[in-house]
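So you know, we letter chains A, B, ... as the sequences are listed, proteins then strands, and number each from 1.
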Amino acid sequence: DTGVSQNPRHKITKRGQNVTFRCDPISEHNRLYWYRQTLGQGPEFLTYFQNEAQLEKSRLLSDRFSAERPKGSFSTLEIQRTEQGDSAMYLCASRKGIGGQQYSGANVLTFGAGSRLTVL
Amino acid sequence: DAKTTQPTSMDCAEGRAANLPCNHSTISGNEYVYWYRQIHSQGPQYIIHGLKNNETNEMASLIITEDRKSSTLILPHATLRDTAVYYCIVRANFGNEKLTFGTGTRLTIIP
């Protein structure tokens with residue numbers, strides 16, 4: 001197992017363009033998370049999936065952002081019409097959750113190395 | 001989730017124990033204390049977590065005060081590779097999937 005894999009590691013784009021990031025979690029992990037981190041700040045929660053179901057979205061996730069996990073394995077995070085304020089590190093994490101949605105279990109996440117987005 | 005307060009930065013000599021404090025005076029009875037760290041250009045890495053008893057693993061020890069209003073992460077023999085930002089997070093294990101990271105403590109290990 002190679003851990004959580006994120007691609008691309010770096011993306012430079014012009015304002016107004018669309019970008020897509022991919023996350024491949026650890027294979028037996030059913031829960032997958034996206035976080036965003038700007039310079040000098042800690043990561044901020046964006047959304048999470050249990051298998052293919054997107055169960056929670058932060059209000060940080062504007063209409064321009066969409067995340068999918070179609071087969072409950074890899075996930076994509078797409079940003080449409082990028083703005084300079086979208087420049088950040090986008091982090092993916094996964095874990096094996098037990099129980100239903102109410103019982104979260106110990107929140108021991110394995111993070112990927114992140115995808116750094118620069119919007120010019 | 002309860003708010004946490006950590007010093008902005010700390011230094012520690014290589015080979016010495018690094019003691020990182022965290023205040024969480026509004027912690028609730030069902031909330032755990034988690035520690036993660038983030039080495040430059042990497043994603044956060046889980047270190048340890050606990051509820052009220054002291055915990056130890058291969059990476060660190062976690063000491064939680066009896067009133068649970070503060071805790072200390074101890075790296076027993078710090079190495080240069082321990083230079084990182086350390087995040088203290090308080091979170092319940094029920095009905096909440098979010099980890100709320102603050103700005104953490106930037107620990108620098110000095111040779």
Asker: Go through the atoms of A:L91 and report whether side chain, backbone, both or neither lie under 4.5 Å from a heavy atom of chain B.
Answerer: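 Only the side chain of A:L91 comes within 4.5 Å of chain B.
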Asker: Look at atom CD of A:E52 and say whether more than 12 heavy atoms of other residues, nucleotides or ligands are closer to it than 6.0 Å.
Answerer: yes
Asker: Go through the atoms of A:R9 and report whether side chain, backbone, both or neither lie under 4.5 Å from a heavy atom of chain B.
Answerer: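 Contact with chain B: side chain only.
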Asker: Counting only heavy atoms not in B:R16, do more than 12 sit closer than 6.0 Å to its CZ atom?
Answerer: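 Open.
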Asker: Rounded to the nearest 0.5 Å, how far apart are CG of B:L99 and OH of A:Y33?
Answerer: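 Taking CG in B:L99 and OH in A:Y33, the distance rounds to 8.0 Å.
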Asker: Mark yes when over 12 heavy atoms from residues, nucleotides or ligands other than A:L60 sit less than 6.0 Å from its CG; otherwise mark no.
Answerer: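 Count over threshold, so yes.
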Asker: Below 4.5 Å, heavy atoms only, C-beta onward: do A:P43 and B:Y87 meet side chain to side chain?
Answerer: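 Answer yes - side chains close enough.
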Asker: Among B:Q38, B:Q42, B:R106, which residue forms the greatest number of heavy-atom pairs with chain A at distances under 4.5 Å?
Answerer: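 Sorted descending by pairs with chain A, the first entry is B:Q38.
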Asker: Between B:E97 and A:R95, is there a salt bridge with N-O shorter than 4.0 Å?
Answerer: yes
Asker: With distance as the sole test, does B:Y34 use its side chain to make a donor-acceptor pair with the main-chain N or O of A:V108 at under 3.5 Å?
Answerer: no
Asker: So how far is it from B:Y36 OH to A:F111 CZ, rounded to the nearest 0.5 Å?
Answerer: 6.0 Å
Asker: Could you grab the distance from atom CD of B:Q45 to atom CG of A:L109, nearest 0.5 Å is fine?
Answerer: 12.5 Å
Asker: Can you hop from B:M10 to B:L73 via hydrophobic side chains spaced under 4.5 Å?
Answerer: yes
Asker: So, taking the atom named CZ in B:F101 and the one named OH in A:Y35, what distance separates them when rounded to the nearest 0.5 Å?
Answerer: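 The distance works out to 5.5 Å.
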Asker: Does A:D63 have more than 12 heavy atoms from other residues, nucleotides or ligands lying within 6.0 Å of its CG?
Answerer: no
Asker: Would you say that more than 12 heavy atoms from the other residues, nucleotides or ligands in this model lie under 6.0 Å from the CG of B:L80, or not?
Answerer: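 For B:L80, atom CG is crowded (more than 12 foreign heavy atoms under 6.0 Å).
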Asker: Does one hydrophobic cluster hold both A:F21 and A:M89, with members joined at side-chain heavy-atom distances below 4.5 Å?
Answerer: no
Asker: Using non-hydrogen atoms and a 4.5 Å limit, figure out which bit of A:Q6 sits close to chain B: side chain, backbone, both or neither.
Answerer: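 Contact with chain B involves no heavy atom of A:Q6 at all.
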Asker: Is there a path from A:F65 to A:V19 through hydrophobic residues (I, L, V, M, F, W, Y) whose side chains come within less than 4.5 Å of each other?
Answerer: yes
